[in-house]
Every structure is written in C-alpha cells, then in structure tokens.
Amino acid sequence: MVGLMSMTPVHMDHGGAALSVVGLVISLHIAGMYALSPLFGWLADRLGPARVLAGAGVLLPLAGVVCALAAPTSTGQLSVGLVLLGLGWSAAVVGGSAQLTASLAVADRPRVQGSVDVAMNLVGAAAGIVAGVLVTVSSYALLGALVVVATVPFLLVAARSARTGRPAAG
C-alpha cells in the first residue's frame with residue numbers, strides 16, 4: 001500500500017497534475033484509510049475478523065488494477081484507486097488486529113500488537129523506497145500490478161480463514 005501510495009504523486013506529476021490536485025487525491029486516500037475504520041471494526045465484531053480480512057483481500061488487488069491501468073492524467077481513476085487502496089489497508093489493519101488480539105492472552109496483546117505494528121511500519125518504509133526504484137527503472141503500472149500479485153497469497157489465506165472462521169495458522 002505504501003509503495004503505490006507514495007508513487008502516485010510522482011505518477012500524477014508526470015502527467016502535469018497541479019499540486020492541489022495531487023493533494024486532493026492523497027487526502028481522499030487518507031480518508032479511505034481512516035474514515036471507515038469504525039465500520040470495519042463493527043463488521044469484525046459482527047461478521048468476524050476473517051471476513052473483514054477477506055474484504056481487504058478483494059479491495060487491495062482491485063486498487064492495484066485500477067491504479068496500474070491509470071494514465072498519469074487520469075485523476076478520477078487514480079482517486080478511485082487510492083480510495084480503494086486506503087479502504088483495503090483499513091480493512092486489513094482492523095481485521096488483522098482483531099484476529100491477532102483474539103488469538104492472544106490478554107497479557108500478551110500489547111507486546112505482540114506493538115511488535116506487529118513496528119514490523120508493518122518498517123516494511124512500509126522499505127516498500128516506499130523499493131517503489132521509487134521500481135518506478136524509476138520500470139513504471140507505475142508495474143507497481144500497481146505488483147500490488148495485485150502481492151495480495152494473491154493474502155487473499156488465499158484470508159479466504160481460508162473466512163471459510164473456517166479461524167486464523168489460517170490455526
């Protein structure tokens with residue numbers, strides 16, 4: 001998510017987008033990340049975290065496809081792609097956190113969740129760096145396609161977990 005998000009302004013700049021337009025697209029993405037997180041929490045409580053994760057497994061590759069096919073001048077399409085990306089991230093984080101903490105003893109939850117959050121942020125930072133290199137040597141479209149490919153294993157695990165109602169490792 002971080003790689004695609006961080007390279008979208010560069011992609012839009014290549015299409016001549018004004019800074020205000022780039023800012024609006026990123027703002028919509030950030031709204032997608034956080035505005036519906038209470039809804040994803042409610043869904044995790046009602047339907048189970050595995051189903052919320054399965055939803056993320058649909059939203060994330062869809063975002064990758066929408067972004068991969070977007071020309072640098074396709075502001076509307078990039079906005080849709082980044083909102084989907086933000087929603088997918090939110091569903092993955094909320095569903096994943098709910099599923100993780102439900103599988104732990106109460107005393108272990110803060111330490112493990114904190115460790116997972118640190119790992120997620122380190123991977124996100126690395127993804128931002130790698131994304132810049134990928135776009136430099138190839139294209140933004142390849143980056144979007146890689147988001148799709150990278151989410152296939154996630155989707156398979158989430159689908160299995162949603163079917164069984166248990167964490168995939170369980």
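Positions are given from 1 along the sequence. Because the structure is a prediction, the values reported are computed rather than measured.
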Sequence-distant partners of His11, ring pair (Phe, Tyr, Trp, His ring centres under 6.0 Å), two or more places apart: Tyr140
Tabulate below the donor-acceptor pairs under 3.5 Å that side-chain atoms of residues 126-137 make, not counting sequence neighbours, or state none.
from   : atom 1 : to     : atom 2 : distance (Å)
Thr136 : OG1    : Gly132 : O      : 2.8

Name all residues meeting the side chain to side chain contact (heavy atoms under 4.5 Å, CB included) criterion together with Ser138; count only those two or more places apart in sequence or in a different chain, and write none if there are none. Leu142
Can you tell me which residue pairs pass the ring-ring contact (aromatic ring centres under 6.0 Å, His included) test with a partner in residues 88-108, sequence neighbours excluded? Tyr34-Trp89
Looking at every heavy atom in both Val10 and Ser6, which two are closest together, and how far apart are they? CG2-O, 4.4 Å
Val83 vs His29 side-chain heavy atoms within contact, under 4.5 Å: no
In terms of hydrophobic clustering (I, L, V, M, F, W, Y; side-chain heavy atoms under 4.5 Å; direct or indirect links), are Met1 and Met120 co-clustered? yes
For Val123, check side chain to side chain contact (heavy atoms under 4.5 Å, CB included) against everything at least two apart and list the hits. none
Just grab all the salt bridge (charged side-chain N to carboxylate O under 4.0 Å, His left out) pairs involving residues 110-123, residues at least two apart or on different chains. Asp108-Arg111
With Ser27 via side chain to side chain contact (heavy atoms under 4.5 Å, CB included) - residues at least two apart: none
Should Leu143 and Val148 be counted in the same cluster of Ile, Leu, Val, Met, Phe, Trp and Tyr side chains packed under 4.5 Å apart? no
With sequence neighbours left out, what residues match Asn121 under side-chain hydrogen bond (donor to acceptor under 3.5 Å, both in side chains)? none
Minimum heavy-atom separation for Leu104 to Leu100, with atom names? CG-O, 3.3 Å
Hydrophobic clusters here meaning ILVMFWY residues chained together by side-chain heavy-atom distances under 4.5 Å, can you tell me if Leu4 and Val93 are in one? yes
Could you pull out every donor-acceptor pair under 3.5 Å between side chains of residues 15-26 and any protein atom, sequence neighbours left out?
none

Between Leu85 and Leu28, is there shared hydrophobic-cluster membership here, with clusters defined by ILVMFWY side-chain heavy atoms closer than 4.5 Å? no
Keeping Arg46 on the side-chain end and Trp42 on the backbone end, is there a donor-acceptor pair under 3.5 Å? no
Give the cluster check for Met5 versus Leu87: same hydrophobic cluster or not, with ILVMFWY residues linked at side-chain heavy-atom distances below 4.5 Å. no
Would you list the pairs meeting ring-ring contact (aromatic ring centres under 6.0 Å, His included) in which at least one residue belongs to residues 91-127, sequence neighbours left out? none
Determine all donor-acceptor pairs shorter than 3.5 Å in which one atom belongs to a side chain in residues 54-82; sequence neighbours excluded.
from  : atom 1 : to    : atom 2 : distance (Å)
Ser74 : OG     : Ala71 : N      : 3.4
Gln77 : NE2    : Val66 : O      : 2.9
Ser79 : OG     : Thr75 : O      : 2.8

ring-ring contact (aromatic ring centres under 6.0 Å, His included): which pairs involve residues 98-134, sequence neighbours left out? none
Report yes if some heavy atom in the side chain of Ser90 is under 4.5 Å from a heavy atom in the side chain of Val94; otherwise report no. yes
